[in-house]
Structure formats: structure tokens, C-alpha cells
Amino acid sequence: MQSPPLELVLDVVHLGARNLLRNRGDADGDTISEITRSVKDQIPYGDQVLAVALAALAAGYWVHICRPRT
């Protein structure tokens, strides 16, 4: 199934907007950011693991976008 590009953009905007709207008051684990921080804080070397994971994801996405289409 192929989704229209606008539908995919709206999906991402929806998740981002919901994350920002719920980012009010005390941290109660209801946003993607709070869940990420909680996981990062629970694992050894969480800051470094998060940095490496984000770098690997960004590099992987870059390779995915820049590879030739077949």
C-alpha cells in the first residue's frame, strides 16, 4: 500500500505536536521525551548510549536517503 506524502507528513507532525502539547507540568511519562529520558537514566552510560544511538540512526537514515534508487 502506498500512502500519500501528505499523510506521512501529517503522521509525523501529529506525533510531534502531541509530544509538545503534553509536555506540561511534572514529568509523568506521557511524552516521547520523558520516556526517552527515563530509559537513558536507567541504563549505564545512558548519555553516551543515547548519543551513539542517535548518531547511528541519523547515519542509517542518511545512507537510506542517499543510496541510488534501483
Side-chain angles (χ1 to χ4, degrees):
M1 179 177 131
Q2 294 200 1
S3 298
L6 180 60
E7 181 181 325
L8 298 174
V9 170
L10 290 175
D11 286 344
V12 173
V13 170
H14 171 252
L15 287 173
R18 191 171 63 192
N19 188 57
L20 291 174
L21 289 172
R22 290 187 177 172
N23 191 27
R24 305 271 186 237
D26 296 331
D28 54 2
D30 66 344
T31 66
I32 296 167
S33 301
E34 291 170 358
I35 294 167
T36 303
R37 283 187 199 104
S38 174
V39 170
K40 176 194 71 79
D41 292 342
Q42 293 176 18
I43 60 175
Y45 306 104
D47 290 343
Q48 293 87 349
V49 170
L50 178 61
V52 169
L54 291 174
L57 288 169
Y61 189 65
W62 181 82
V63 168
H64 168 70
I65 296 299
C66 292
R67 73 174 179 219
R69 294 184 188 180
T70 55

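Here the straight-line distance linking atom CG of D28 with atom CG of N23 works out to 9.5 Å at 0.5 Å rounding. Summarising the geometry, atom OG1 belonging to T31 is positioned 11.5 Å from atom CG belonging to L21; distances are rounded to the nearest 0.5 Å.
Hydrophobic cluster of L10: the remaining members, joined at side-chain heavy-atom separations below 4.5 Å, are L6, listed by chain and number.
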With a 3.5 Å cut-off and sequence neighbours excluded, list the donor-acceptor pairs that the side chains of residues 37-45 form with protein atoms.
unit_1	atom_1	unit_2	atom_2	d
S38	OG	Q42	NE2	3.1
K40	NZ	D47	OD1	2.9

message: Go through it in stages, so that I can follow the logic: the residues are T36 and I32, the test is side chain to side chain contact (heavy atoms under 4.5 Å, CB included), and I'd like the CA-CA distance, side-chain angles, deciding distance and then a yes or no.
response: CA-CA 6 Å; T36 303; I32 296 167; 4.1 Å; yes

